[in-house]
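In what follows, a single structure is set out as structure tokens and then discussed.
Just so it is clear, the values below take in all heavy atoms, side chains as well, and ignore hydrogens, waters and symmetry mates.
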Amino acid sequence: MSEIANYGKDDAVLVLEDGQVYVGEPYGAHGATTGEIVFATGMTGYQETLTDPSYDRQIVVQTFPHIGDTGVNHEDPESSRIWVAGYIVREPSPNVSNWRAEGSLDGDLEANGIVGLADIDTRKLVRHLRSAGVMRAGIFSGDALLGEDGRLKTIDELLDAVKATPQMQGLSLYDEVSTKEAYTIEPCGEFEGKEPLYTVAAVDLGIKAMTPHRMAERGCRVHVVPSTITFEELTALNPDGVFFSNGPGDPEQAGPEVELLRKVLDAGYPFFGICFGNQLLGRALGFGTYKLKFGHRGINQPVKDLTTGKVEVTAHNHGFAVDAPIGETVDAPFENGKYGKVFVSHIDLNDDVVEGLQCVDIPAFSVQYHPEAAAGPHDAAYLFDRFCDLMKNNPRDSRADSKEGK
């Protein structure tokens with residue numbers, strides 16, 4: 001148990017699964033929330049973080065100490081709602097100062113029922129999570145700190161609620177965050193109003209809005225489809241390429257999506273996957289996945305593209321990774337090399353975690369990070385160009401011809 005355990009009804013209390021306790025001020029909504037506690041290292045982009053569906057059922061700790069300066073607006077969210085289970089900052093900004101601001105972060109969290117906590121030593125908390133690993137946790141404030149008789153609940157009572165929360169490992173969450181209805185993003189920018197160069201079927205496993213936008217900027221018409229789409233429904237869209245998005249949860253629990261992806265690969269569609277999509281490509285090829293100790297989350301992660309030797313500063317949000325050999329081209333393990341050769345194309349320079357896969361004999365590749373850069377640097381935008389080149393070099397007609405020749 002932590003040495004910090006004195007609190008009153010006006011406080012907010014963070015209880016970790018291992019018994020550590022942090023007492024601070026309520027931030028956002030009052031109440032109770034539990035989930036896996038993780039940390040994000042970005043100095044900016046808190047709206048994009050809050051609305052990233054990959055944070056579903058997670059309590060996010062911001063390592064940057066001062067959050068909320070620029071307020072909130074209706075342009076920066078990456079989805080239709082806030083997905084984080086809870087939010088922790090060291091020092092909330094007392095003022096909002098930005099010409100685009102339409103409200104305060106605190107007010108937005110409160111309006112959306114997001115329970116938060118402020119004014120704790122987030123550096124100490126993050127150092128603990130880095131050494132002990134991410135774990136389940138709960139934030140409690142207001143009436144959630146009181147029992148039915150009006151007394152303050154004990155730490156053990158709060159800890160019971162934390163331990164009743166499901167572990168992230170073993171959870172299937174992509175259906176929970178996916179769109180229920182398909183929608184289409186038309187070409188934009190210099191391609192606005194023109195016939196699309198390519199048509200993409202983007203399977204929404206927790207997609208961020210900027211991802212189809214990046215494709216639309218390159219002349220693509222993007223059909224964003226639910227995770228429940230069948231292969232027959234997908235082929236009816238007559239796509240030039242197929243995309244699998246980022247998303248939350250354990251990739252080991254995504255059997256139906258892996259089977260869908262194998263059908264995509266069998267049919268010869270050019271494929272691009274981001275984050276969860278990278279993990280699913282790894283599993284489709286026969287590799288395993290595993291849970292990282294504390295994951296990569298933030299917009300300042302160094303990654304090396306092994307195909308060019310260049311280093312990129314990239315945006316990340318993942319707690320699982322692909323277990324594939326680095327530095328060699330191998331046969332994809334599934335069905336004795338059915339999908340040919342594959343190699344790890346990108347690695348994280350902090351810990352050598354696999355950050356990308358490149359197939360040699362089929363038109364498929366993926367990355368573990370977020371090249372759409374919302375928020376984050378634009379170093380990896382070239383990956384969308386690679387996807388367009390893949391569709392250009394593997395046109396629909398050639399797939400149709402090969403099928404007729406069989």
Does the side chain of [X] pick up a donor-acceptor pair with the side chain of [Y] at under 3.5 Å?
X	Y	result
H296	D351	yes
S54	N246	yes
H316	T314	yes
R283	T289	yes
N112	D108	yes
Q368	N278	yes
Y87	Q62	yes
H318	Q279	no
T307	R386	yes

Can you classify the ring geometry of F231 versus Y269 as parallel (below 30°), tilted (30 to 60°) or perpendicular (above 60°)?
perpendicular
What class does the angle between the rings of H346 and Y369 fall in, given that below 30° is parallel, 30 to 60° is tilted and above 60° is perpendicular?
perpendicular
For a side-chain hydrogen bond (donor to acceptor under 3.5 Å, both in side chains) check, start with the C-alpha distance between Y382 and E312, then their side-chain angles and the critical distance, and finish with the verdict.
CA-CA 11 Å; Y382 69 91; E312 310 158 13; 2.2 Å; yes
Taking the basic N atoms (NZ, or NE/NH1/NH2) and the acidic carboxylate oxygens, is any pair closer than 4.0 Å for [X] and [Y]?
X	Y	value
E48	K208	no
E372	R214	no
D119	R90	no
R123	D121	no
E17	K163	no
K291	D250	no

Apply side-chain hydrogen bond (donor to acceptor under 3.5 Å, both in side chains) to the pair T70 and Y46, showing each step before the final yes or no.
CA-CA 10 Å; T70 57; Y46 51 80; 3.1 Å; yes
Between F320 and Y290, does the ring centroid distance fall short of 6.0 Å?
no
Aromatic contact between F243 and F271, with the criterion being ring centroids under 6.0 Å apart: yes or no?
no
Between D175 and S227, is the side-chain hydrogen bond (donor to acceptor under 3.5 Å, both in side chains) condition met? List the steps.
CA-CA 6 Å; D175 282 338; S227 59; 2.4 Å; yes
What distance do [X] atom [atom1] and [Y] atom [atom2] have between them, rounded to the nearest 0.5 Å?
X	Y	atom1	atom2	value
S79	I207	OG	CD1	11.0 Å
H223	T184	NE2	OG1	4.5 Å
L260	R262	CG	CZ	11.5 Å
L145	I139	CG	CD1	11.5 Å
R297	H370	CZ	NE2	10.0 Å
D305	S345	CG	OG	6.5 Å

Strictly distance-based, threshold 3.5 Å: is any side-chain N or O of [X] a donor or acceptor partner for the main-chain N or O of [Y]?
X	Y	result
K293	S131	yes
T329	V342	no
D106	G28	yes
H66	E91	yes
R136	T165	yes
E36	R57	no

Is any side-chain heavy atom of T41 closer than 4.5 Å to one of V126?
no
Could you pull out the closest heavy-atom pair between [X] and [Y], with the gap in Å?
X	Y	result
L16	A137	CD2-CB, 3.7 Å
C188	H213	SG-CE1, 3.7 Å
I299	M43	CD1-N, 4.4 Å
K392	Y198	CB-OH, 3.2 Å
T179	D204	N-OD2, 2.9 Å

Please determine whether side chain to side chain contact (heavy atoms under 4.5 Å, CB included) holds for the pair V38 and V61, giving the CA-CA distance in whole Å, both sets of side-chain angles, and the decisive distance to 0.1 Å.
CA-CA 6 Å; V38 301; V61 184; over 6 Å; no
Think R218 forms a cation-pi with F191, using NZ or CZ under 6.0 Å from the six-ring centre and within 45 degrees of its axis?
no
Out of the candidates D361, D331, D266, only one should pair with Y339 under the side-chain hydrogen bond (donor to acceptor under 3.5 Å, both in side chains) rule; please name it.
D266
